[in-house]
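For reference, the structure discussed in these notes is given below.
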Amino acid sequence: MKTEMTTLTSESGGASGSVFAQRLSSTRRGARLARLLAVQQMRDWGLSDTDAAELVVAELANNAVTHGRVPGRDFEVRLLLAEDHLRVEVSDTRAEREPEPNPYPDENGYGLPLVAALATAWGVKSRCVGKTVWAAVPVTVAVG
């Protein structure tokens with residue numbers, strides 16, 4: 001497991017501009033760990049009311065290990081903190097399977113509509129190997 005954590009402090013001295021990245025195994029355990037590590041990082045940055053961001057991380061990580069999994073390849077979760085939002089990026093190695101919201105969800109298929117409802121914007125960008133699904137989620141820094 002490769003860890004990359006970078007903190008780029010802004011001129012104001014706050015956590016804005018900070019980056020967290022973690023590469024994890026493409027398993028259910030890896031998806032669960034991605035959510036737990038993201039929650040801890042958001043706490044470390046002093047963010048409050050992170051429920052929406054936690055759900056977005058959980059859903060995108062679950063999609064990466066369920067639909068974007070390539071045996072023997074990891075996925076990566078990356079958090080980028082800006083002034084008023086948290087950009088959540090989850091990268092996997094399967095480029096040919098881009099996410100599409102299910103227009104008729106039954107037992108499955110509620111994840112991307114949930115992401116769309118919680119995020120101010122979301123999308124997919126191609127990479128040399130695979131793709132990155134990203135979402136911008138509003139957050140606030142706890143005062144005190």
Side-chain angles (χ1 to χ4, degrees), residues 1-8 10 14-144:
M1 186 165 33
K2 178 181 180 257
T3 305
E4 171 193 330
M5 287 181 278
T6 309
T7 303
L8 306 170
S10 66
S16 180
S18 297
V19 176
F20 168 82
Q22 177 73 53
R23 189 169 278 166
L24 300 155
S25 63
S26 293
T27 62
R28 288 184 190 176
R29 183 177 182 204
R32 185 174 65 246
L33 188 55
R35 182 185 64 80
L36 293 172
L37 290 170
V39 167
Q40 184 59 50
Q41 187 60 53
M42 288 185 269
R43 286 183 185 149
D44 290 349
W45 283 336
L47 301 181
S48 62
D49 192 26
T50 60
D51 292 344
E54 291 174 30
L55 285 170
V56 168
V57 169
E59 181 55 38
L60 295 183
N62 184 59
N63 282 355
V65 303
T66 303
H67 306 294
R69 182 176 186 275
V70 173
R73 292 296 193 81
D74 296 336
F75 76 99
E76 181 181 79
V77 63
R78 180 177 292 267
L79 306 176
L80 299 101
L81 183 59
E83 291 292 325
D84 61 347
H85 71 277
L86 180 71
R87 183 176 169 108
V88 177
E89 296 182 351
V90 177
S91 302
D92 63 55
T93 54
R94 187 164 244 170
E96 74 277 6
R97 297 201 57 187
E98 288 199 7
E100 294 180 18
N102 184 351
Y104 307 105
D106 49 14
E107 292 180 16
N108 300 316
Y110 289 98
L112 289 176
L114 179 66
V115 170
L118 296 173
T120 55
W122 75 277
V124 181
K125 64 180 180 179
S126 295
R127 301 179 340 144
C128 291
V129 175
K131 66 184 173 300
T132 298
V133 182
W134 61 270
V137 184
V139 293
T140 56
V141 177
V143 178

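Each residue takes its place number in the sequence, starting with 1.
Within the 3.5 Å criterion, the main-chain N or O of Arg94 finds a donor-acceptor partner in the side chain of Lys131.
Within the model, atoms CH2 of Trp122 and CD of Glu59 stand 10.0 Å from one another, a figure rounded to the nearest 0.5 Å. Interatomic distance, Met42 CE to Asp51 CG, rounded to the nearest 0.5 Å: 9.5 Å. Residue His85 holds its NE2 atom at 14.0 Å from OG1 of Thr140, rounded to the nearest 0.5 Å. With values rounded to the nearest 0.5 angstrom, Arg127 atom CZ is found 4.0 Å from Ser91 atom OG.
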Contacts table for residues 28-38: side-chain donor-acceptor under 3.5 angstrom, sequence neighbours left out:
none

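Salt bridge Asp92/Arg69: absent, no basic N to carboxylate O contact under 4.0 Å.
In this structure, the side chains of Leu112 and Asn63 come closer than 4.5 Å at one or more pairs of heavy atoms. Looking at Val139 and Asp84, their side chains never come closer than 4.5 Å, going by heavy atoms from C-beta outward. Leu79 has its side chain within reach of Trp45: a pair of non-hydrogen atoms, C-beta onward, lies under 4.5 Å apart. Looking only at side-chain heavy atoms (C-beta outward), Thr120 and Pro138 come within less than 4.5 Å of each other.
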(request) Check step by step if side chain to side chain contact (heavy atoms under 4.5 Å, CB included) holds for Thr50 and Val39. (result) CA-CA 8 Å; Thr50 60; Val39 167; 5.7 Å; no
(request) Decide yes or no on side chain to side chain contact (heavy atoms under 4.5 Å, CB included) for Val90 and Phe75, but give the supporting numbers first. (result) CA-CA 7 Å; Val90 177; Phe75 76 99; 3.8 Å; yes
(request) Determine, stepwise, if the pair Val19 / Leu81 fulfils side chain to side chain contact (heavy atoms under 4.5 Å, CB included). (result) CA-CA 6 Å; Val19 176; Leu81 183 59; over 6 Å; no
(request) Give the C-alpha distance, both sets of side-chain angles, the deciding distance and a yes or no for side chain to side chain contact (heavy atoms under 4.5 Å, CB included) between Leu86 and Leu80. (result) CA-CA 6 Å; Leu86 180 71; Leu80 299 101; 6.0 Å; no
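Heavy-atom minimum distance, Val65 versus Ser25: CG1-O, 4.4 Å. The shortest heavy-atom contact between Asp74 and Ser26 is C-OG, 3.5 Å.
Every residue meeting the salt bridge (Lys or Arg N to Asp or Glu O under 4.0 Å) condition with Arg87, not counting sequence neighbours, appears here in chain and number order: Glu89.
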